[in-house]
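Heads up: numbering here begins at 1 and tracks the sequence. Just so you know, these numbers use all the heavy atoms, side chains as well, and skip hydrogens, waters and symmetry mates.
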Amino acid sequence: MEHQVFVPVPADDLRAVLRDPARVARCVPGLQQDADTGVGPLSGRLKVRAGGSTVTYRGSAAVIEQDPDRFTFEGEGTEVRGSGTVKFSLGLRLAPAPGGTRIDFTAHATADGRAASFAPEAAATALRRLLDRAAAQLAAGAAISDPVAEAEDADGPAGPEDEVTEVSATVFETEVPPPSLDPALDPFLAGGFEDLDAAGTPRPPAEAAHARRTMIGRSAEEVDHAPPRGRYAPVPAPAATATGDSLRWIAPAAALALASAVVIGRALRRRR
């Protein structure tokens, strides 16, 4: 199959991109490069859509420069989900034209598996669409000759004003900033030296001293699990001693009443 694409970029800029495999890999539409850099930049996964079917291939390719105006791409791939394979050879010829460059493509491929069932018209349409997108990205990549070099040129060489100046001042010569605490806002400093103890440290408020005395001699768990006091203290349950006291006096009273009934009964019998 043959296909032609015109790009508004000089042939020299396109030739510089085609000679750099890393920049060529960025021009392949949908290429997911492998993390293994030892295989080469033109290796990874490529999804191909023809008609209503989509096939993902994993493979690699290489660029061969035949002459300054002719380049050849040769590669092969294997289906990610299947056993089908494909081998291709893509010839590229640069022809200078008014206002840009005409790129002439010549493609040859052999495939089996799912790709073999594609209709010839659908496969040709998918290949032309892929070549059009690749040519557009190739022209866009040629607009930037070398991204790394341009970034370094944009920064420019370091001048005398960019050099680091030596600091000769020492720590002891550095000016000590004034304290950031305002005596008027600090309750310990507002009263001057009246609230200082014998050691010269500020005395804590009465509430803090009471809390400290309360927690002295108690472990951290006891302090954390101490019951609340004051208005939030739990109300104790009513004592159940009243019922116990009444039951305790019922038994002797019953015994006394029974003994009295026995004595009265015997006395009545004797009179009869």
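- We find the CD-OG1 distance between Gln32 and Thr56 to be 8.0 Å, quoted to the nearest 0.5 Å.
- To the nearest 0.5 angstrom, Phe88 atom CZ is 10.0 Å from Leu127 atom CG.
- Contacts classified as salt bridge (Lys or Arg N to Asp or Glu O under 4.0 Å) and involving residues 40-55 (residues at least two apart or in different chains) are not found.
- Sorted by first and then second residue, the side chain to side chain donor-acceptor pair (under 3.5 Å) pairs with a member in residues 110-121 read Thr85-Asp112; sequence neighbours excluded.
- Of the possible donor and acceptor atoms, one in the side chain of Arg23 sits under 3.5 Å from a partner among the backbone N and O of Gly141.
- Cluster membership check: Met1 shares its hydrophobic cluster with Phe105, using side-chain heavy-atom separations under 4.5 Å among Ile, Leu, Val, Met, Phe, Trp and Tyr.
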Review item, side-chain donor-acceptor pairs of residues 94-102, under 3.5 Å, at least two apart:
residue: Thr101; atom: OG1; partner: Val9; partner atom: O; Å: 2.6
residue: Thr101; atom: OG1; partner: Ala11; partner atom: N; Å: 3.0
residue: Arg102; atom: NE; partner: Asp104; partner atom: OD1; Å: 3.1
residue: Arg102; atom: NH2; partner: Asp104; partner atom: OD2; Å: 3.4

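- Listed by first and then second residue, the side chain to side chain donor-acceptor pair (under 3.5 Å) pairs that reach into residues 132-142 are His3-Asp132, sequence neighbours excluded.
- Listed by first and then second residue, the side chain to side chain donor-acceptor pair (under 3.5 Å) pairs that reach into residues 67-76 are Arg15-Asp69, Gln66-Thr72, Asp67-Arg70, sequence neighbours excluded.
- Applying the side-chain contact (heavy atoms from CB on, under 4.5 Å) criterion to Leu130, with sequence neighbours excluded, gives Pro29.
- For residues 51-63, the set of pairs meeting the salt bridge (Lys or Arg N to Asp or Glu O under 4.0 Å) definition, not counting sequence neighbours, comprises Asp34-Arg58.
- Put simply, CG on Leu18 and CD1 on Ile103 are 7.5 Å apart, with the number rounded to the nearest 0.5 Å.
- Taking Arg129 as the reference, nothing meets the side-chain hydrogen bond (donor to acceptor under 3.5 Å, both in side chains) condition, with sequence neighbours excluded.
- By the 4.5 Å heavy-atom criterion applied to side chains, Val86 and Val55 are not counted as neighbours.
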